[in-house]
Amino acid sequence: MTLVNFNNRTRNTAPYFNNVFDSLFSDAVTKNKMVDKSPNVNIYENETAYIIELAAPGLKKEDFQINLKKDTLSVWAEVKKDETQVAKDFTRKEFDYSSFARSFNLPDTADGDKITAEYKDGILNINISKKDDAKLQHKEIVVS
């Protein structure tokens, strides 16, 4: 009888028994809402502004705080919920506390005096206007 050294973590052909349980455990931990507190963000630019879309469903516009310090835009939210239910034979009390913070470094072309924010349908839209000299201008160059 020959003994063969087998390490299932080095083979890439198929998931093995231990890898299945490892992935289940790691997915359960990383998908926990208490572990992943950073909301997803889309950032894009158009001719006149930079737009930040921050996904934060279930909040109210009063929950957000937005601050600009030098060239750093910070967005954070904090929500505290406390629910108590008293019935004839029992008392149930649940509380939930969640918060997040994101910071963005603004480019030199951003105009810090012209920033607006709107919260609608679970998306926080932050519009950062560009300085007048930084706005994209369409210009055709003639080759001579």
Side-chain angles (χ1 to χ4, degrees), residues 5-144:
N5 192 7
F6 179 73
N7 183 357
N8 66 354
R9 294 187 186 275
T10 60
R11 300 195 59 188
N12 295 332
T13 56
Y16 288 90
F17 187 74
N18 287 339
N19 288 346
V20 171
F21 286 103
D22 288 345
S23 68
L24 286 174
F25 178 72
S26 64
D27 288 347
V29 169
T30 58
K31 293 194 185 302
N32 185 346
K33 70 177 182 176
M34 296 305 288
V35 173
D36 186 20
K37 294 184 179 183
S38 183
N40 295 330
V41 174
N42 293 330
I43 301 173
Y44 58 94
E45 172 183 7
N46 62 25
E47 293 178 5
T48 60
Y50 301 100
I51 293 97
I52 299 173
E53 296 175 336
L54 192 132
L59 299 178
K60 298 178 282 195
K61 66 180 182 178
E62 296 83 22
D63 296 333
F64 293 100
Q65 292 181 340
I66 302 172
N67 188 1
L68 178 66
K69 186 174 184 179
K70 293 188 181 183
D71 63 342
T72 304
L73 181 74
S74 300
V75 179
W76 64 90
E78 185 175 85
V79 179
K80 295 179 185 177
K81 295 179 185 175
D82 191 2
E83 179 183 330
T84 303
Q85 178 184 4
V86 179
K88 183 178 178 182
D89 296 334
F90 67 93
T91 300
R92 179 182 69 118
K93 183 171 184 175
E94 293 184 18
F95 62 93
D96 184 22
Y97 175 80
S98 61
S99 66
F100 70 84
R102 293 288 305 253
S103 293
F104 306 95
N105 290 328
L106 300 181
D108 294 335
T109 57
D111 189 354
D113 295 329
K114 296 180 182 175
I115 299 176
T116 59
E118 178 186 22
Y119 183 67
K120 184 177 179 184
D121 298 331
I123 305 291
L124 177 65
N125 292 299
I126 302 172
N127 190 320
I128 306 157
S129 294
K130 292 182 181 179
K131 294 178 181 175
D132 290 331
D133 57 342
K135 292 181 181 174
L136 298 175
Q137 298 177 359
H138 182 72
K139 182 179 177 181
E140 187 173 333
I141 310 291
V142 179
V143 177
S144 56

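The shortest non-hydrogen separation linking S99 to E78 is CB-CA, 4.1 Å. Minimum interatomic distance between A110 and L106 (heavy atoms only, all atoms of both residues): CB-CB, 4.1 Å.
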Working for side chain to side chain contact (heavy atoms under 4.5 Å, CB included), residues L73 and I52: CA-CA 11 Å; L73 181 74; I52 299 173; 4.0 Å; yes
Could you tabulate the donor-acceptor pairs under 3.5 Å formed by side-chain atoms of residues 119-128, not counting sequence neighbours?
from : atom 1 : to  : atom 2 : distance (Å)
Y119 : OH     : A56 : O      : 2.5
Y119 : OH     : L59 : N      : 3.3
Y119 : OH     : L59 : O      : 3.2

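Applying the side chain to side chain contact (heavy atoms under 4.5 Å, CB included) criterion to D111, with sequence neighbours excluded, gives D113, K114, K131. Checked against side-chain hydrogen bond (donor to acceptor under 3.5 Å, both in side chains), E53 has the following partners two or more places apart in sequence or in another chain: N42, Y44. Shown here are the side-chain hydrogen bond (donor to acceptor under 3.5 Å, both in side chains) partners of S74, two or more places apart in sequence or in another chain: S103.
For residues 54-64, no residue pair satisfies the side-chain hydrogen bond (donor to acceptor under 3.5 Å, both in side chains) rule, not counting sequence neighbours.
The one candidate from T72, D71, L68, V75 that meets the side-chain contact (heavy atoms from CB on, under 4.5 Å) condition with F104 is V75.
Here L54 contributes atom CG and F100 contributes atom CZ; the two are 5.0 Å apart, rounded to the nearest 0.5 Å.
Summarising the local packing, CG of N67 is surrounded by more than 12 heavy atoms from other residues, nucleotides or ligands at distances under 6.0 Å.
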